[in-house]
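Below, chains carry the letters A, B, ... as their sequence lines are ordered, and counting in each starts from 1. Quick caveat, the model's predicted, so the values are computed rather than measured.
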Amino acid sequence: GDSVTQMEGPVTLSEEAFLTINCTYTATGYPSLFWYVQYPGEGLQLLLKATKADDKGSNKGFEATYRKETTSFHLEKGSVQVSDSAVYFCALSVGNNNDMRFGAGTRLTVKP
Amino acid sequence: GAGVSQSPRYKVAKRGQDVALRCDPISGHVSLFWYQQALGQGPEFLTYFQNEAQLDKSGLPSDRFFAERPEGSVSTLKIQRTQQEDSAVYLCASSLGQAPNSPLHFGNGTRLTVT
C-alpha cells in the first residue's frame with residue numbers, strides 16, 4: 001500500500017547548522033507529498049507541500065523537492081533556529097479524498 | 001479564528017469501559033478525518049467523512065470503533081469495551097475541500113489511556 005518512510009530520530013543540531021530529514025515514499029498512483037510539523041504542545045500543521053514531480057515546496061526557510069526518480073521528498077533547511085525544535089512528519093496523499101499517510105516522525109532539537 | 005477543537009483533552013478509562021471523543025471542525029469544512037497516533041509514531045488513518053457521509057472507514061481497527069457525523073459538522077468517535085492497546089492520541093482534522101490544495105487542519109488531540 002501507499003506509505004512513507006522517514007529518517008529516524010531524534011536529531012540534535014546546533015543553531016545555524018544545516019538540516020536534512022530524509023523521506024522516501026511508495027505509491028501506486030501519483031501522490032501529493034507533504035511535510036507537517038508539530039511544535040511542543042500544539043497540533044500538527046502543514047509546513048510545505050508539492051503536488052507533482054520536480055515541484056519544490058518551501059516555507060519558513062524549509063524546502064523539499066519532489067523527486068520521482070528517487071521517490072523522495074527530503075526536508076532541508078540551511079540554518080536552523082532553536083524555534084525549529086519540533087517533530088516533523090512526512091506524508092502523502094493519493095487521490096482526491098485528502099486521505100493522508102504519515103511517516104513515523106522525526107524529532108528535531110536545536111541547541112543554542 | 002477558531003481551529004479544530006477536540007474534547008476531552010485527556011481521558012482515562014478502565015479496560016472494558018466505553019468512551020466518546022468529540023471533534024468540532026472548523027466551520028464550513030466539508031471533510032473530517034480521524035487519526036490514531038501511538039506513542040512515537042505518526043498518525044494512522046481511521047476514517048473519513050465528507051459532510052455527514054462516512055466515505056472511508058477502512059482504518060478502524062475493529063468493530064469496537066464507531067464514528068459519526070450526523071449533521072455534517074461535529075463528529076464523535078466512540079470506542080466500546082476499551083482495551084489497553086487502544087491507548088493513543090486520537091487526532092481529528094478537517095479541510096475545506098479536497099486534496100491536495102486544501103490543507104488539513106488538526107486539533108490538539110485527545111490522549112486516551114486505558115488502564
Side-chain angles (χ1 to χ4, degrees), chain A residues 1-11 21 23-25 27 29-53 55 57 59 64 66 73 75 86-107, chain B residues 1-7 9-10 21 23-26 29-51 53-60 67 88-111:
Chain A
D2 300 334
S3 65
V4 292
T5 302
Q6 67 180 100
M7 168 179 160
E8 290 187 17
V11 174
I21 301 178
C23 173
T24 57
Y25 68 89
Y30 299 96
S32 295
L33 302 172
F34 305 81
W35 278 98
Y36 277 79
V37 58
Q38 188 171 29
Y39 297 105
E42 299 184 16
L44 278 86
Q45 54 188 276
L46 179 66
L47 179 61
L48 53 84
K49 69 178 184 186
T51 59
K52 61 183 188 297
D55 269 3
N59 186 24
Y66 186 164
F73 193 56
L75 182 68
V87 182
Y88 292 82
F89 294 91
C90 186
L92 66 77
S93 72
V94 179
N96 293 326
N97 68 357
N98 236 353
D99 178 8
M100 305 285 286
R101 309 290 172 171
F102 288 85
T106 302
R107 181 177 297 278
Chain B
V4 177
S5 177
Q6 292 188 247
S7 60
R9 188 77 175 88
Y10 302 94
L21 313 180
C23 173
D24 280 271
I26 294 173
H29 277 198
V30 168
S31 300
L32 185 145
F33 299 82
W34 283 99
Y35 287 85
Q36 181 190 59
Q37 186 176 18
L39 188 64
Q41 299 297 315
E44 296 278 344
F45 170 79
L46 293 177
T47 187
Y48 160 62
F49 290 86
Q50 189 173 92
N51 296 307
Q54 189 174 20
L55 298 188
D56 188 346
K57 54 182 181 179
S58 62
L60 296 176
V89 176
Y90 290 85
L91 298 172
C92 177
S94 69
S95 67
L96 185 61
Q98 293 180 325
N101 295 317
S102 186
L104 293 184
H105 296 262
F106 282 85
N108 286 349
T110 294
R111 183 179 296 278

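Residues satisfying the side-chain contact (heavy atoms from CB on, under 4.5 Å) criterion with B:N108, sequence neighbours excluded, are B:R9. Applying the side-chain hydrogen bond (donor to acceptor under 3.5 Å, both in side chains) test to B:Q54 and every residue at least two apart in sequence or in another chain returns B:T47.
Around atom CD of A:E8, no more than 12 heavy atoms belonging to other residues, nucleotides or ligands sit under 6.0 Å away. A 6.0 Å sphere centred on CD of B:E44 holds no more than 12 heavy atoms belonging to other residues, nucleotides or ligands.
Only the side chain of A:R101 comes within contact range of chain B, with heavy atoms under 4.5 Å apart. With a 4.5 Å cut-off on non-hydrogen atoms, A:Q6 does not touch chain B at all. For B:Q37, the part lying under 4.5 angstrom from a heavy atom of chain A is the side chain only. Only the side chain of B:L91 comes within less than 4.5 Å of a heavy atom in chain A; its backbone stays farther off.
Between B:Y48 and B:F33, the angle of the ring planes stays under 30°, which puts this pair in the parallel group of the 30/60° scheme.
Among B:G59, B:A93, B:P43, the residue making the largest number of heavy-atom pairs under 4.5 Å with chain A is B:P43.
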